[in-house]
Amino acid sequence: MAKDPVRVLVTGAAGQIGYALVPMIARGVMLGPDQPVILHMLDIPPAAESLNGVKMELVDAAFPLLKGVVATTDVVEACTGVNIAVMVGGFPRKEGMERKDVMSKNVSIYKSQASALEKHAAANCKVLVVANPANTNALILKEFAPSIPEKNISCLTRLDHNRALGQISERLGVQVSEVKNVIIWGNHSSTQYPDVNHATVTTPAGDKSVRELVADDAWLNGEFITTVQQRGAAIIKARKLSSALSAASAACDHIRDWVLGTPQGTWVSMGVYSDGSYNVPAGLIYSFPVTCANGEWTIVQGLPIDEFSRKKLDLTGEELSEEKALAYSCLS
């Protein structure tokens, strides 16, 4: 029997990431090859013409799964009835701007979008924040949409997770699909901690530890971490534009695993509301290893954390606490 369409909102839909993301959703990459979708695309009034061009291209692509397109600059129209919201729109930091200036712009954007989602989205709407500072934007959204369950608000660290998988795959000369259970801890920023202590590679002789196979702790504790932390900047240097294709792909991975579940024995990284696990301060949106089943994520518990890792977890947590304080000061 044909499934009912799922309504998926993409904010900032006329931007680079949005342009890469909407065809992936329409093709079934996010929710599966048998799940019809209705796309809701929101952008700011100056981008209205460009947004309409994206809508025209979606029509021209004749995607069989795409059952409708709403392209609008009105936040209420965009949020009405949506089951999944991917928040790509935000205020980017420009040269000479202080972090507090960027934060206050994003606080006002996420405050208004939170109230529109709360009033008009479908019950049990799942929200993924992509726009930076992603963790803190998600926290603001949670603050101003109190009726949306905290388990339904997340931020994107899957891009960092996928970058870590890619670096290990390149280093070992193995397929990326054979590497699993890396972890991104903390903030989607250069303080994030890409952790391979529990990661494995599937080999003909069974699963082997990444640390054992790489056999170079100096690289794993040094260059590997900084490469993943600074990959976004490296892409900007190479392309003169920020990551778009890989960010859109990671957003699809994040939602697909959240909705359809993670494979047995595999975890992924998601920025979620901290409950104090691993001595991370409660009340932050922090990236943890999670498994997903029946549309719910669960933090993987009981992983041993060595002293090197503990310091990294605390450092990125401190940055998130500072960001939270900065965001809250923009509200007063």
Assess the side chains of [X] and [Y]: does a donor N or O sit below 3.5 Å from an acceptor N or O?
X      : Y      : answer
Asn197 : Ser309 : yes
Ser189 : Glu319 : yes
Glu323 : Asn135 : no

Side chains of [X] and [Y], heavy atoms from C-beta outward: is any pair under 4.5 Å?
X      : Y      : result
Leu39  : Leu66  : yes
Asp43  : Val54  : no
Ile225 : Tyr193 : yes
Asp207 : Lys180 : yes
Met30  : Leu21  : yes
Val228 : Val182 : no
Ile184 : Pro194 : yes
Ser169 : Glu178 : no

Under the 3.5 angstrom rule, does the side chain of [X] hit a backbone N or O of [Y] as a donor-acceptor pair?
X      : Y      : result
Tyr278 : Gly302 : yes
Asn137 : Ala131 : yes
Ser269 : Arg158 : no
His40  : Ala78  : yes
Asn83  : Arg7   : yes
Arg256 : Val29  : yes
Lys126 : Gly295 : yes
Thr11  : Val88  : yes
His161 : Pro289 : no
Lys324 : Leu139 : no

Handout entry: salt_bridge(Asp216, Arg171) N-O dist < 4.0 Å
Key = yes
Handout entry: Note: Lys311-Asp314 ion pair, threshold 4.0 Å (strictly below)
Key = no
Please give me the minimum heavy-atom distance between [X] and [Y], naming the atom from each residue.
X      : Y      : value
Ala13  : Met41  : CB-CB, 3.5 Å
Leu9   : Val82  : CB-CG1, 3.8 Å
Val290 : Ile299 : CG1-CA, 4.1 Å
Thr157 : His188 : CG2-CB, 4.1 Å
Ile84  : Cys125 : N-SG, 4.1 Å
Leu156 : Ala247 : CD2-O, 4.0 Å

Report the distance from atom [atom1] of [X] to atom [atom2] of [Y], rounding to the nearest 0.5 Å.
X      : Y      : atom1 : atom2 : value
Asn181 : Ser209 : CG    : OG    : 12.0 Å
Thr80  : Asp74  : OG1   : CG    : 8.0 Å
Leu172 : Lys208 : CG    : NZ    : 13.0 Å
Asp195 : Ile305 : CG    : CD1   : 6.5 Å
Trp258 : Leu128 : CH2   : CG    : 7.0 Å
Asp101 : Asn106 : CG    : CG    : 11.5 Å

Please answer: with hydrophobic residues joined when any side-chain heavy atoms are less than 4.5 Å apart, are [X] and [Y] in the same cluster?
X      : Y      : value
Leu165 : Ile183 : yes
Trp185 : Leu159 : yes
Ile38  : Met24  : no
Phe144 : Leu42  : yes
Val102 : Ile109 : yes

Practice task
Apply side chain to side chain contact (heavy atoms under 4.5 Å, CB included) to the pair Tyr110 and Thr136, showing each step before the final yes or no.
Solution key: CA-CA 10 Å; Tyr110 277 82; Thr136 302; over 6 Å; no
Practice task
Specify whether Phe224 and Trp219 have parallel, tilted or perpendicular ring planes, treating 30° as the upper limit for parallel and 60° as the lower limit for perpendicular.
Solution key: tilted
Tell me if the [atom1] atom of [X] is crowded by more than 12 foreign heavy atoms within 6.0 Å.
X      : atom1 : answer
Lys3   : NZ    : yes
Asn294 : CG    : no
Tyr19  : OH    : no
Glu307 : CD    : no

Exercise for the section: Could you walk me through whether Cys79 and Gln113 pass the side chain to side chain contact (heavy atoms under 4.5 Å, CB included) test, one step at a time? Expected result: CA-CA 8 Å; Cys79 291; Gln113 291 183 352; 5.7 Å; no
Practice task
Begin from the C-alpha positions of Lys119 and Val76 and carry the test side chain to side chain contact (heavy atoms under 4.5 Å, CB included) through to its verdict.
Solution key: CA-CA 9 Å; Lys119 290 190 187 89; Val76 171; over 6 Å; no
Exercise for the section: List the steps and the verdict of side chain to side chain contact (heavy atoms under 4.5 Å, CB included) for Trp267 and Thr262. Expected result: CA-CA 7 Å; Trp267 62 66; Thr262 45; over 6 Å; no
Below 3.5 Å, can you tabulate the donor-acceptor pairs from side chains in residues 230-245 to any protein atom, sequence neighbours excluded?
unit_1 : atom_1 : unit_2 : atom_2 : d
Arg239 : NH1    : Ser242 : O      : 3.2
Lys240 : NZ     : Lys237 : O      : 2.7
Ser243 : OG     : Arg163 : NH2    : 3.0

Exercise for the section: Let me see the working for Gln167 and Thr227 under side-chain hydrogen bond (donor to acceptor under 3.5 Å, both in side chains), right down to the final yes or no. Expected result: CA-CA 8 Å; Gln167 289 303 305; Thr227 299; 4.9 Å; no
Exercise for the section: Not counting sequence neighbours, list each pair that qualifies as a side-chain hydrogen bond (donor to acceptor under 3.5 Å, both in side chains) and has a residue in residues 139-155. Expected result: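 Output for this query lists Glu118-Ser147, Asn124-Asn152, Glu143-Tyr328, Ser154-His254.
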